[in-house]
Amino acid sequence: MQTYKITAQVSVYQMEELNPEDRLLVEQAIAATEHSYSPYSHFSVGAALRLKNGEVITGSNQENASSSMTICAERNAIFHAQHQHPGQPIVSIAIAARTDKAFTPFPIPPCGACRQVVLEVEDRYKQPIRLLLYGTGGIHVVDTVKDLLPIQFGAENLK
Ligand code: THU
C-alpha cells in the first residue's frame, strides 16, 4: 500500500491587511448580499469577481420554492461574467454570507458544485483564481480553487 498526503494553503487576513483591490472586492461581495433572494434559508450570499480587464461582476443567491432550482451566488456571478465578458479570465472571487442577524464569523467556503464550476474556469483560461472568503473573524484566502478541491475531475481527465 502507498499513501499520499494532500495539503492546502490558506492565509487568513484582517480587512486592513488586504491590499486595496482585494479589500474592495470583499466589500463588493458583502454589498452583493443585499440582492440575495433567500426567503427559504434566510441565508444571504454575495459574490464579487474581478476579471483580468479589471471589471467587477457581482452575484447573489437566488432561491426558489422548488429548492433544486436555487442558484448560488458564485455560479450566478460566474455565468453572468462568462456570457457578458467572453474571453475574460477571472482573476479573483470574493464571497460573503450572512444570516438574518449577522455576517458569518467563519467564512463560508463555496459549495462543491461551485468549486467545480470555478475549476472549469481555471482550466479554460489556464490561470488560477484566488478565492477571498469573508468572515467577520478574518478573510481566508486561497490562491487556487485546487486548494479547496484537491482531487479534481477536470478537463485533463477526459484526455
Ligand atoms: N449558497 C450559496 O449561494 N453559495 C454557496 O457556496 C453555499 C450556499 C446559498 C444557496 C442557498 O440559497 C443558501 O445559500 C443556503 O444553502
Side-chain angles (χ1 to χ4, degrees), residues 6 8 10 22 24-159:
I6 298 162
V10 184
D22 285 349
L24 185 62
L25 201 65
V26 170
E27 285 165 355
Q28 283 164 306
I30 291 170
T33 64
E34 292 295 324
H35 303 299
S36 160
Y37 174 66
S38 41
Y40 305 105
S41 70
H42 301 281
F43 195 67
S44 302
V45 185
L49 59 85
R50 187 180 304 285
L51 300 174
K52 198 170 181 191
N53 69 6
E55 271 193 79
V56 172
I57 308 297
T58 60
S60 58
N61 57 328
Q62 301 294 318
E63 297 187 346
N64 194 281
S66 176
S67 54
S68 64
M69 298 298 105
T70 293
I71 183 91
C72 290
E74 300 89 323
R75 273 177 288 158
N76 197 356
I78 292 167
F79 292 145
H80 176 80
Q82 296 278 81
H83 179 73
Q84 296 291 342
H85 303 272
Q88 273 300 317
I90 296 171
V91 175
S92 44
I93 305 178
I95 302 161
R98 61 177 166 83
T99 62
D100 285 340
K101 293 192 186 82
F103 280 92
T104 57
F106 196 82
I108 65 143
C111 78
C114 289
R115 292 176 200 202
Q116 186 69 29
V117 169
V118 176
L119 175 70
E120 188 71 29
V121 183
E122 285 197 358
D123 280 350
R124 180 175 179 182
Y125 295 107
K126 299 192 177 16
Q127 97 170 37
I129 298 174
R130 280 177 80 232
L131 298 173
L132 301 133
L133 312 174
Y134 173 75
T136 53
I139 300 103
H140 295 222
V141 180
V142 292
D143 286 335
T144 164
V145 75
K146 289 175 181 163
D147 278 326
L148 300 182
L149 197 63
I151 300 179
Q152 329 91 36
F153 176 79
E156 282 301 308
N157 299 104
L158 293 171
K159 286 180 183 158

Exercise for the section: With side chain to side chain contact (heavy atoms under 4.5 Å, CB included) as the test, would you mind laying out the steps for Leu133 and Val10 before giving the verdict? Expected result: CA-CA 10 Å; Leu133 312 174; Val10 184; over 6 Å; no
Problem - Sequence neighbours excluded, every pair satisfying side chain to side chain donor-acceptor pair (under 3.5 Å) that has a member inside residues 111-121 - result: none
Would you list the atom pairs, donor with acceptor, under 3.5 Å between side chains in residues 50-59 and any protein atom, with sequence neighbours excluded?
| unit_1 | atom_1 | unit_2 | atom_2 | d |
| --- | --- | --- | --- | --- |
| Arg50 | NH2 | Glu21 | O | 2.8 |
| Asn53 | OD1 | Glu55 | N | 2.9 |

Working to the nearest 0.5 angstrom, can you tell me the gap between [X] [atom1] and [Y] [atom2]?
{"X": "Ile90", "Y": "His85", "atom1": "CD1", "atom2": "NE2", "result": "10.5 Å"}
{"X": "Cys114", "Y": "Ile71", "atom1": "SG", "atom2": "CD1", "result": "7.0 Å"}
{"X": "Asp22", "Y": "Ile139", "atom1": "CG", "atom2": "CD1", "result": "9.5 Å"}
{"X": "Phe103", "Y": "Ile108", "atom1": "CZ", "atom2": "CD1", "result": "11.0 Å"}

Looking only at heavy atoms, which two atoms of [X] and [Y] are closest? And how far apart?
{"X": "Tyr134", "Y": "Thr104", "value": "O-OG1, 4.1 Å"}
{"X": "Val91", "Y": "Gln127", "value": "CG2-NE2, 4.0 Å"}
{"X": "Pro128", "Y": "Thr144", "value": "CB-CB, 4.0 Å"}
{"X": "Tyr40", "Y": "Glu63", "value": "N-OE1, 3.1 Å"}

Exercise for the section: Hey, could you give me each pair passing ring-ring contact (aromatic ring centres under 6.0 Å, His included) that has a residue in residues 42-69? Not counting sequence neighbours. Expected result: none
Problem - Pairs flagged by ring-ring contact (aromatic ring centres under 6.0 Å, His included) wherever residues 56-76 is involved - sequence neighbours left out - result: none
Problem - Main-chain N/O of Ile129 paired to Glu122 side chain as donor or acceptor, under 3.5 Å - result: yes
Exercise for the section: Could you tell me whether a side-chain N or O of Ser60 sits under 3.5 Å from a main-chain N or O of His35, the two making a donor and an acceptor? Expected result: yes
Contact check, side chains of [X] and [Y], non-hydrogen atoms, under 4.5 Å:
{"X": "Ser92", "Y": "Leu25", "value": "yes"}
{"X": "Ser38", "Y": "Asn61", "value": "yes"}
{"X": "Val117", "Y": "Glu74", "value": "no"}

Fill in the blank from the handout: Residues passing the side-chain contact (heavy atoms from CB on, under 4.5 Å) test with Ala29, sequence neighbours excluded, are Ala48, Ala94, Ala96
Completion exercise
Hits for side-chain contact (heavy atoms from CB on, under 4.5 Å) against Glu27, two or more places apart or cross-chain, chain-then-number order -> Met15, Arg23, Leu24
Practice task
Can you sort out the partners of Phe106 under ring-ring contact (aromatic ring centres under 6.0 Å, His included), two or more places apart, ordered by chain and number?
Solution key: His140
Completion exercise
Asp123 meets the salt bridge (Lys or Arg N to Asp or Glu O under 4.0 Å) criterion, sequence neighbours left out, with none
Taking only residues two or more places apart in sequence or in another chain, which ones pass side chain to side chain donor-acceptor pair (under 3.5 Å) with [X]?
{"X": "Asn76", "result": "none"}
{"X": "Arg75", "result": "none"}
{"X": "Gln88", "result": "none"}

Extract all donor-acceptor atom pairs below 3.5 Å that involve side chains of residues 145-155 and protein atoms in other chains or at least two apart in sequence.
| unit_1 | atom_1 | unit_2 | atom_2 | d |
| --- | --- | --- | --- | --- |
| Gln152 | NE2 | Leu149 | O | 3.2 |
| Gln152 | NE2 | Pro150 | O | 3.0 |

